[in-house]
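Below: one structure, written as structure tokens.
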Amino acid sequence: MSVLLQHQFKPLPADKQIDTCCFLDSVSHLPAFFDCLGSAIFSPIKADITGNISKIRSVYESNPSKFKTLQMILEGEKELHGPQWPKVGATLALMWLKRGLKFIQVMLQSIADGERDDQNPNLIKVNITKAYEIALKKYHGWFVQKIFQTALIAAPYKDDFLKALSKGQTVKEEECIEKIRQFLVNYTTTIEAIYIMYNKMNAELDYKA
């Protein structure tokens with residue numbers, strides 16, 4: 001579980017403002033999560049997340065004081081880009097990034113909640129499918145959705161997935177699940193705060209990739 005717990009997300013302050021530097025530090029380690037799924041077919045999601053993190057980091061590093069929080073990035077780019085916003089810059093990158101992060105959150109929560117295929121309890125296809133349908137499917141065209149269906153065939157067994165999260169160490173399933181729940185506390189709060197921010201600022205776009 002060290003893939004997740006080594007880089008825990010920090011608790012949010014009362015105003016739910018997300019410090020950009022802390023966020024980038026935590027999220028930059030998450031692309032390795034997709035290596036735990038064991039198939040190169042998941043690499044497009046990993047590459048998308050990595051690319052969007054880089055775009056946000058580039059904007060942040062251009063003026064760290066101006067873009068100290070994620071909300072300050074959205075507000076600053078809205079003023080800078082006018083009618084082109086929100087389909088530009090770090091605002092667009094974070095919009096897509098939050099969907100990839102939501103995929104991780106829903107999948108892990110589904111596993112932690114014990115959701116499974118009773119006929120094949122050691123498979124995680126049910127958990128991956130739920131995460132994809134909630135977080136990403138509506139934003140993908142027919143071709144990308146077919147790629148995902150292919151990826152499902154290569155989904156690992158739950159035992160292998162949990163072992164990969166633990167960086168090859170054999171850990172009891174109950175211990176892994178407890179650590180997943182621990183990780184999800186601040187992670188889920190952060191993802192929800194980003195979604196709320198996008199809704200409040202009318203920055204959400206529904207076009208398909």
Side-chain angles (χ1 to χ4, degrees), residues 1-12 16 18 23 26-39 41-46 48-49 94-140 144-145 147-199 204:
M1 202 56 54
S2 52
V3 170
L4 299 176
L5 291 184
Q6 280 183 348
H7 308 285
Q8 278 269 47
F9 281 66
K10 296 184 181 300
L12 296 184
K16 303 298 184 183
I18 302 169
F23 173 77
S26 296
V27 82
S28 64
H29 300 281
L30 284 178
F33 171 87
F34 292 93
D35 296 332
C36 298
L37 294 176
S39 172
I41 297 175
F42 288 98
S43 60
I45 302 178
K46 177 183 176 180
D48 186 60
I49 287 177
L94 181 59
M95 183 188 74
W96 281 103
L97 175 60
K98 69 179 175 55
R99 294 168 183 170
L101 301 181
K102 182 73 172 178
F103 173 89
I104 295 173
Q105 184 253 319
V106 175
M107 179 185 165
L108 289 176
Q109 189 65 63
S110 177
I111 291 173
D113 290 344
E115 296 176 348
R116 63 182 185 177
D117 179 352
D118 289 335
Q119 302 299 315
N120 299 284
N122 197 32
L123 294 180
I124 58 173
K125 290 181 181 180
V126 167
N127 316 104
I128 297 174
T129 299
K130 179 179 181 178
Y132 182 74
E133 290 180 347
I134 290 176
L136 293 170
K137 185 176 181 179
K138 68 178 288 189
Y139 306 111
H140 286 168
V144 178
Q145 290 183 24
I147 291 176
F148 174 77
Q149 291 298 324
T150 302
L152 266 185
I153 298 173
Y157 289 105
K158 182 165 65 174
D159 290 348
D160 293 333
F161 172 68
L162 295 178
K163 186 175 182 179
L165 280 182
S166 302
K167 291 192 173 181
Q169 297 179 357
T170 301
V171 183
K172 291 182 179 179
E173 181 175 328
E174 314 88 74
E175 295 178 13
C176 287
I177 298 301
E178 183 54 39
K179 289 178 179 178
I180 286 174
R181 292 193 181 105
Q182 182 182 339
F183 169 79
L184 284 171
V185 174
N186 293 338
Y187 181 75
T188 300
T189 301
T190 300
I191 306 309
E192 289 175 347
I194 296 173
Y195 270 82
I196 290 171
M197 176 177 67
Y198 268 74
N199 288 331
E204 190 67 54

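As the structure is a prediction and not an experimental result, all values here were calculated from the model. Along the sequence shown, the residues carry numbers beginning at 1. Scope of the values below: all heavy atoms of this structure, side chains included, with no hydrogens, waters or symmetry mates.
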Report the distance from atom [atom1] of [X] to atom [atom2] of [Y], rounding to the nearest 0.5 Å.
| X | Y | atom1 | atom2 | answer |
| --- | --- | --- | --- | --- |
| Lys46 | Leu37 | NZ | CG | 10.5 Å |
| Asn120 | Lys125 | CG | NZ | 7.5 Å |
| Leu162 | Ile111 | CG | CD1 | 6.5 Å |
| Lys130 | Asp113 | NZ | CG | 6.5 Å |
| Leu101 | Phe33 | CG | CZ | 11.0 Å |
| Lys158 | Arg116 | NZ | CZ | 6.5 Å |

Pair Lys98 + Glu204: basic N to acidic O under 4.0 Å: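 Yes.
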Can you name the closest pair of heavy atoms from [X] and [Y] and give their distance?
| X | Y | answer |
| --- | --- | --- |
| Pro156 | Cys36 | CG-O, 4.0 Å |
| Ala193 | Leu12 | CB-CD1, 3.7 Å |
| Pro31 | Ile49 | CG-CG2, 4.1 Å |

Aromatic rings Trp96 and Tyr139: how do their planes relate, parallel, tilted or perpendicular, breaks at 30° and 60°?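 Answer is perpendicular, since the angle exceeds 60°.
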Side-chain donor or acceptor of [X] paired with backbone N/O of [Y] under 3.5 Å:
| X | Y | value |
| --- | --- | --- |
| Asp117 | Val126 | no |
| Asn127 | Glu115 | yes |
| Asp159 | Asn122 | no |

Distance under 6.0 Å and angle within 45° of ring axis: Lys137 vs Phe148: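 Negative - Lys137 is either too far from the ring of Phe148 or too far off its axis.
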Testing Val27, Thr189, Leu184 one by one against Phe9 for a side chain to side chain contact (heavy atoms under 4.5 Å, CB included), which residue passes?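 Of the listed options, the one satisfying the test is Val27.
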Give the intermediate values and the outcome of side-chain hydrogen bond (donor to acceptor under 3.5 Å, both in side chains) for residues Gln105 and Lys102. CA-CA 5 Å; Gln105 184 253 319; Lys102 182 73 172 178; 3.2 Å; yes
